[in-house]
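Have a look at the structure below before the remarks.
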Amino acid sequence: MTAQRHDFDAAPFRLEELPWSPRFSLRVRPQNRAALEGALGLTLPARIGERSMTGGTEVLCLGPDEWTVLVPESGRDALVDAGARIYAQTPHSLVEISDREITLRLSGPQALTALTAGCPRDVEALQTGRAARTLFDSATVILWRDGADSFRMDVWRSFLPHVRAILDKVAAELKSGL
Amino acid sequence: MLLIHCPYCDETLPEAEFAYAGEAHIARPADPSALTDEEWRDFLFIRTNARGPHYERWRHIHGCGRFFNACRDTVSDRFLMTYKAGEERPAHATLEAAE
Ligand SMILES: [Zn+2]
């Protein structure tokens, strides 16, 4: 019997659930975007997949008239107030969706490999500093690429057990060298 | 898997992110009650069923969420082009140039 030696990675990637933090869905027509940017004190990137960071507030363009806004808890009331003040002049929709999704962080050398188990899109082609709403198995997720080996994935909470079960299975497979 | 170009995201992405939404450029009658039964039937059910280039709607449902139009060859399943909702139906000459 021949002995086979493998150098398996004991922890192919790290999976953590990030703490709760306020999240908003922002919709505004393109002609009102600039006015709203001024009123909210945020940069709303015009290209889908682009992100901006102002203070601690992160904005991602999801569609031609749709953004997701991650705001620190200390800035949440100010954001809501700023939206309410300009609402009459600049119609828009700013809806808190903090409880809708839970964010996972995937990091480590095989994080990318783990994501390819669920994402049909070419995850490698997603540039660092960008993000995309896409699919992980049957769940719509928002995938943020923070570094070559570091991703965040926003998952609707009812899909989370399903997504985690797949990632746990992938981790087991990667650990055993499959 | 088919790759589809979303004209809003300006990216070519796997079909799994998209949903088919029927034939394109079918305008809903402004006053349905003024139509005869035959005209209403035609609006609801009668479709081109093209063999070859077919104008159809798709939605980037697991992405930007937008509806857009595509011209797909129903024989080869090739997407000849995609364009934003509300834009004119491209002529066949334009499609040949895009190929
Ligand atoms: Zn799109």
Side-chain angles (χ1 to χ4, degrees), chain A residues 25-31 33 44-51 59-68 93 95 97 100-101 115-127 129-145 153-156 158-159 162-163 166, chain B residues 1-28 30 54-90 94-95 98-99:
Chain A
S25 165
L26 174 63
R27 307 288 303 260
V28 66
R29 296 201 172 193
Q31 64 267 31
R33 183 170 63 91
L44 305 178
R47 243 189 98 202
I48 295 171
E50 270 179 9
R51 292 151 55 166
V59 181
L60 162 65
C61 181
L62 285 176
D65 59 1
E66 183 182 5
W67 290 265
T68 196
S93 145
V95 178
I97 51 164
R100 192 177 73 179
E101 282 137 311
L115 286 168
T116 58
C119 293
R121 100 161 29 213
D122 182 358
V123 183
E124 200 170 3
L126 181 65
Q127 288 161 20
R130 290 178 63 87
R133 184 156 54 192
T134 182
L135 203 58
F136 185 90
D137 196 65
S138 53
T140 304
V141 300
I142 298 175
L143 189 63
W144 308 67
R145 189 167 199 175
M153 187 157 71
D154 304 339
V155 186
W156 285 41
S158 56
F159 285 98
H162 176 63
V163 169
I166 293 173
Chain B
M1 190 183 292
L2 290 173
L3 294 174
I4 303 176
H5 183 85
C6 173
Y8 293 94
C9 295
D10 197 19
E11 275 192 275
T12 302
L13 298 162
E15 183 193 356
E17 290 195 3
F18 297 83
Y20 179 68
E23 189 170 351
H25 302 292
I26 294 173
R28 187 183 164 84
H54 182 239
Y55 295 90
E56 56 196 24
R57 299 164 79 225
W58 283 80
R59 186 178 179 203
H60 192 190
I61 187 162
H62 303 289
C64 65
R66 293 289 106 176
F67 281 90
F68 59 90
N69 293 330
C71 184
R72 178 180 58 97
D73 190 312
T74 58
V75 177
S76 63
D77 221 7
R78 266 191 59 176
F79 277 79
L80 304 178
M81 73 178 304
T82 57
Y83 51 102
K84 290 180 180 177
E87 285 178 7
E88 284 287 313
R89 178 205 301 249
T94 323
L95 290 175
E99 269 192 83

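Per chain, numbering begins at 1; letters A, B, ... match sequence-line order.
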Heavy-atom donor-acceptor pairs under 3.5 Å, chain B with chain A:
from   : atom 1 : to      : atom 2 : distance (Å)
E17(B) : OE2    : R121(A) : NE     : 3.2
E17(B) : OE2    : T134(A) : OG1    : 2.5
H62(B) : ND1    : T140(A) : OG1    : 2.7
G63(B) : O      : R133(A) : NE     : 2.6
G63(B) : O      : R133(A) : NH2    : 3.0
R66(B) : NH2    : D65(A)  : OD1    : 3.3

Heavy-atom pair with the smallest gap, counting every atom of [X] and [Y]:
X: I4(B); Y: F68(B); result: CG2-CZ, 3.9 Å
X: I48(A); Y: L62(A); result: CG2-O, 3.7 Å
X: L143(A); Y: C119(A); result: CD2-SG, 4.4 Å
X: C61(A); Y: G63(A); result: SG-O, 3.3 Å

Rounded to the nearest 0.5 Å, what's the gap from CD on E56(B) to CG on N69(B)? Could you check? 9.5 Å
For chain A, which residues from residues 18-25 of chain B have at least one heavy atom closer than 4.5 Å to it? none
